Amino acid sequence: MGVLGKSVTAFLIFFFLSAVPSTAEMKSIKIQSDNRPVILFQKFGFTNTGNITVVVSSVSVTSTLSIPDASLLGFFLLSEQSLIDVLSELQQNPNFCLLDSKFISLLFTFKDLSPPPQSSFNRSYPVTYGAGEYSLFFVNCNHESFVTMDVRTELFNTDDKATNNYLSVGLTQLPSLYFIFSLFYLCFLGFWISVCFNNQRSVHKVHILMGVLLTMKALSLFCAAEDKQYVKVTGMPHGWNVLFYIFQFISSVLFFAVIVLIGAGWLYLKPNLVGKEKMVLMIVITLQVLANVASIVIGETGPFIEDWVTWNQVFLLADFVCGCAAIFPIVWSIRSFSRTDAKAARNLALFRLFCVVVVGYMLVTNIGVFALKTVTVYKQQWVDSATEEIASLVFCLVLFYMFRPVRESEYLVLDDEGVYEEAPKMVKG
């Protein structure tokens, strides 16, 4: 392995172990003509009773230079604590093969495969190296060789010595966490329906959309809870992941659409959206479609696919740009209020506060949660999800309170010509 290959390998290992979250489930993976020097299959938090099963079949290795050495291809586990030591070995020796490292836990090499044509391997290993977060890697130290194989992995803990738990040790609380938040949103929905019923004359279509948003949030969290529960017990989601992705897509599109519509003052400040506001709404919806497609690819595959890093970048960029785009209608409304008389001052203060709340939410969910993931220990990874859900719930509570239907409030209405006039409103600061 040359200097360039060594540098690429070192970067890949560092990136994977620092950026990839712990995963779960049984994984069936097909590797086709792949010449990557390092492939991360899964990252998992084990207890003292952890186990790993690796099944490899239909293996073929081809090379354009020479006959591949089977002892230079294999699978191993690497702990978080050993990362720096392994990177140091790679830096010191340009021809170093990771399979020779004393800091890894070697599972097997291709020398252990059954003879052709089966070329397979199937074995379970107890994790006897102590509790911790480990990563399952495949390494190919044969220069310019291409590997094709079918891989099935099972990583689980058996804490009660009877039942397998296929969720990483830091994620076992997720089923209960998501179910509790789904109940919160159901209660929230019931309260919102009560508020709208008691103020029927001030209810607008945007309030109905807000109620639908709460419904979709509750359903997506319930499906997420069932998804994680089935994965925890059986290693497979049994179709709940499909329902989760459907409701998550609808809720995420509705979430940003509601922000844009409220920020533009749709229906309660003016009857129609102008051209630029319609354009922002279409951009937001398009970006959310892209972000959700990226989310599905990330969730249903893993770092073993070649474009996994790219899909992560697409998701982060689309979500961030979507959040930024949603702020524009709010800013335009603030500028409109600033050009009117003192009667608009109350609306101006409300929309300025709304802008601050939206920006704060974006910072917490896009930067704060990401920073938290980098420092959270593997046993407490559920805290990341809890923080994100708490931030979303608090944001919805503040948003719905600020723009709830209230008959006695008086605000300004902006007509199609951009002229403000006093009228009974339902917005209350």
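Everything numeric here is computed off the predicted structure, so don't read it as measured data. For the numbers below, each heavy atom of this structure counts, side chains included, while hydrogens, waters and symmetry mates do not. Index from 1, following the sequence.
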**Report entry** Whether over 12 other heavy atoms sit under 6.0 Å from Arg123 CZ
**Finding:** no
Query - Other residues, nucleotides, ligands: >12 heavy atoms within 6.0 Å of Phe179 CZ - result: no
For the residue pair [X] and [Y], what are the closest heavy atoms and their distance?
{"X": "Asn164", "Y": "Tyr166", "result": "ND2-OH, 3.4 Å"}
{"X": "Pro237", "Y": "Tyr230", "result": "O-CB, 4.0 Å"}
{"X": "Ser82", "Y": "Leu78", "result": "CB-CD1, 3.7 Å"}
{"X": "Ala131", "Y": "Asn48", "result": "N-OD1, 3.3 Å"}
{"X": "Asn157", "Y": "Gly50", "result": "OD1-CA, 3.3 Å"}
{"X": "Phe256", "Y": "Gly323", "result": "CE2-CA, 3.8 Å"}

Report task. Classify the ring geometry between His207 and His204 as parallel (under 30°), tilted (30 to 60°) or perpendicular (over 60°). Result -> tilted
With heavy-atom distances below 4.5 Å as the criterion, would you say the side chains of [X] and [Y] are in contact?
{"X": "Phe103", "Y": "Ser79", "result": "no"}
{"X": "Pro175", "Y": "Leu167", "result": "yes"}
{"X": "Ile31", "Y": "Phe41", "result": "yes"}

Indicate yes or no for a side-chain donor-acceptor contact from [X] to the backbone of [Y] under 3.5 Å, with no hydrogens or angles considered.
{"X": "Tyr129", "Y": "Ser105", "answer": "no"}
{"X": "Ser333", "Y": "Pro329", "answer": "yes"}
{"X": "Ser182", "Y": "Leu221", "answer": "no"}
{"X": "Asn312", "Y": "Trp308", "answer": "yes"}
{"X": "Lys27", "Y": "Thr301", "answer": "yes"}

If I take atom [atom1] from residue [X] and atom [atom2] from residue [Y], how far apart are they, to the nearest 0.5 angstrom?
{"X": "Asp69", "Y": "Lys111", "atom1": "CG", "atom2": "NZ", "answer": "7.5 Å"}
{"X": "Leu77", "Y": "Ile104", "atom1": "CG", "atom2": "CD1", "answer": "9.0 Å"}
{"X": "Glu226", "Y": "Phe244", "atom1": "CD", "atom2": "CZ", "answer": "13.0 Å"}
{"X": "Leu90", "Y": "Cys97", "atom1": "CG", "atom2": "SG", "answer": "9.5 Å"}
{"X": "Lys278", "Y": "Leu281", "atom1": "NZ", "atom2": "CG", "answer": "10.0 Å"}
{"X": "Thr234", "Y": "Met26", "atom1": "OG1", "atom2": "CE", "answer": "6.5 Å"}

Have [X] and [Y] got a donor and an acceptor in their side chains that come within less than 3.5 Å?
{"X": "Trp382", "Y": "Gln380", "answer": "yes"}
{"X": "Asn140", "Y": "Ser145", "answer": "yes"}
{"X": "Asn142", "Y": "Ser63", "answer": "no"}
{"X": "Ser392", "Y": "Tyr361", "answer": "yes"}
{"X": "Ser252", "Y": "Gln248", "answer": "no"}
{"X": "Ser71", "Y": "Thr109", "answer": "no"}

Query raised in the report: Is it the case that Arg404 places NZ or CZ above or below the six-membered ring of Tyr401, under 6.0 angstrom from the centre and within 45 degrees of the axis?
Result: yes
**Report entry** side chain to side chain contact (heavy atoms under 4.5 Å, CB included) evaluation trace for Asp34 with Glu306
**Finding:** CA-CA 9 Å; Asp34 201 315; Glu306 293 190 56; 4.0 Å; yes
Query - Worked verdict on Lys205 versus Leu261 for side chain to side chain contact (heavy atoms under 4.5 Å, CB included) - result: CA-CA 10 Å; Lys205 291 181 181 179; Leu261 293 173; over 6 Å; no
Ring centres of [X] and [Y] under 6.0 Å apart?
{"X": "Phe44", "Y": "Tyr134", "value": "no"}
{"X": "Phe191", "Y": "Phe400", "value": "no"}
{"X": "Phe121", "Y": "Phe75", "value": "no"}
{"X": "Phe181", "Y": "Tyr178", "value": "no"}

Requested in this report: Apply side chain to side chain contact (heavy atoms under 4.5 Å, CB included) to Phe46 and Leu155, showing your working.
Outcome: CA-CA 8 Å; Phe46 289 103; Leu155 287 76; 3.7 Å; yes
Requested in this report: Tell me, with the steps shown, if Leu399 and Val258 meet side chain to side chain contact (heavy atoms under 4.5 Å, CB included).
Outcome: CA-CA 10 Å; Leu399 174 66; Val258 165; 4.2 Å; yes
